[in-house]
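Here the structure comes first, spelled out in structure tokens, and everything after it is commentary.
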Amino acid sequence: VKTLTLPSGESLVSYNNHMFRHLDASGALIAEYDGTQTVVNIRTMKVHGNVVFVATEEGITRYDHVNQTWLSKWTASNVFSGSGEDVSSLEIIDAILYVGRQYWYGGVIDLIHPSNGTTVTTISLTQNGQRGIATDFVKCGSDVFTSINKIQWDRQSRLRLMSIGFGATS
């Protein structure tokens with residue numbers, strides 16, 4: 001189950017990897033959708049203005065919670081740089097949408113303007129035959145960090161932190 005409380009007090013609830021409910025502040029149903037109408041395998045949800053960004057294995061599905069309408073999906077064919085549409089993490093920091101994506105041979109972080117879908121930058125998490133997957137983003141002071149689940153070819157994994165500025169890692 002994934003939940004998101006909107007600034008209006010309304011809530012969004014996703015469950016069973018494909019059901020999506022929009023509830024008013026008292027818990028009454030406003031709208032209900034299933035995977036045939038909207039999204040599948042919801043990983044997380046974040047809100048910016050009227051738009052809810054929903055991370056899925058097929059990209060970012062966008063929902064206008066004020067007008068209760070679905071907007072165009074963001075994928076590698078229209079917003080993301082390069083391959084891979086499997087979005088594992090999202091965060092909005094300083095009016096930028098931080099997106100962690102993974103695909104069969106690597107992972108990337110996209111920084112995107114949430115209002116228009118233009119990409120600020122893309123950072124590859126694939127180095128020396130190893131891949132990393134961004135699992136979370138956090139701002140500490142003026143720096144933004146991500147936790148990286150680094151998957152090695154021998155299938156062992158470890159976490160590391162990466163400062164997202166100029167791609168420096170630590």
Side-chain angles (χ1 to χ4, degrees), residues 1-6 12-15 17-18 20 35 38-49 51-63 70-170:
V1 174
K2 308 285 188 286
T3 62
L4 176 68
T5 301
L6 302 171
L12 301 178
V13 179
S14 71
Y15 58 98
N17 288 328
H18 68 280
F20 187 89
T38 58
V39 295
V40 293
N41 294 328
I42 295 169
R43 301 228 166 76
T44 190
M45 299 179 285
K46 301 294 177 180
V47 64
H48 180 75
V51 179
V52 175
F53 296 90
V54 182
T56 76
E57 66 183 16
E58 298 173 349
I60 297 175
T61 300
R62 300 178 307 134
Y63 177 67
W70 293 95
L71 306 172
S72 63
K73 186 182 293 185
W74 287 355
T75 65
S77 65
N78 63 2
V79 172
F80 302 146
S81 297
S83 300
E85 298 179 342
D86 191 351
V87 177
S88 56
S89 56
L90 291 175
E91 192 61 63
I92 298 173
I93 300 172
D94 296 334
I96 295 294
L97 181 64
Y98 287 73
V99 179
R101 290 187 291 131
Q102 59 184 334
Y103 45 96
W104 71 272
Y105 60 88
V108 296
I109 297 171
D110 293 296
L111 277 59
I112 299 172
H113 288 290
S115 59
N116 60 18
T118 57
T119 300
V120 176
T121 191
T122 298
I123 301 166
S124 175
L125 300 177
T126 304
Q127 299 172 349
N128 302 322
Q130 300 176 1
R131 71 180 190 149
I133 300 167
T135 57
D136 201 6
F137 301 96
V138 65
K139 184 173 180 178
C140 184
S142 60
D143 295 323
V144 175
F145 294 90
T146 184
S147 56
I148 306 293
N149 186 358
K150 190 170 184 180
I151 308 297
Q152 300 178 0
W153 289 116
D154 61 5
R155 297 291 184 225
Q156 296 176 1
S157 66
R158 63 186 173 96
L159 290 175
R160 68 180 174 133
L161 287 179
M162 177 176 170
S163 174
I164 303 172
F166 297 102
T169 62
S170 57

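If you're wondering where the values come from, they're calculated on a predicted model, not measured in any experiment.
Val99 is not listed as a side-chain neighbour of Trp74, based on a closest heavy-atom distance of 4.5 Å or more. Side-chain contact between Lys2 and Val54 is absent, with no heavy atoms from C-beta onward closer than 4.5 Å. The closest side-chain heavy-atom distance from Leu6 to Leu12 is below 4.5 Å. Looking only at side-chain heavy atoms (C-beta outward), His113 and Ile96 come within less than 4.5 Å of each other. Proximity of Phe80 to Thr122: side-chain heavy atoms (C-beta onward) are nowhere separated by under 4.5 Å. Here the side chains of Leu111 and Tyr98 are in contact, with some heavy-atom distance below 4.5 Å.
In the model, Arg43 has no side-chain atom that pairs as donor or acceptor with a side-chain atom of Ser89 under 3.5 Å.
Checked by atom type and distance alone, the side chain of Ser88 pairs as donor or acceptor with a backbone atom of Ala134 at under 3.5 Å. Under a 3.5 Å cut-off, the side chain of Thr146 and the backbone N or O of Asp136 do form a donor-acceptor pair. Not a single donor-acceptor pair under 3.5 Å links the side chain of Arg101 to the backbone N or O of Asp110.
Looking at residues two or more places apart in sequence or on another chain, you find a side chain to side chain contact (heavy atoms under 4.5 Å, CB included) between Val138 and Phe145.
To the nearest 0.5 Å, the span separating CD on Gln102 from OG1 on Thr135 amounts to 10.5 Å.
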Derivation of the side chain to side chain contact (heavy atoms under 4.5 Å, CB included) call for Val13 and Val1: CA-CA 7 Å; Val13 179; Val1 174; 4.1 Å; yes
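Across all non-hydrogen atoms, the minimal contact from Phe137 to Ile93 is CB-CD1, 4.2 Å.
A salt bridge (Lys or Arg N to Asp or Glu O under 4.0 Å) check over residues 87-100, counting only residues at least two apart or in different chains, returns the pairs Lys46-Glu91, Asp94-Lys139.
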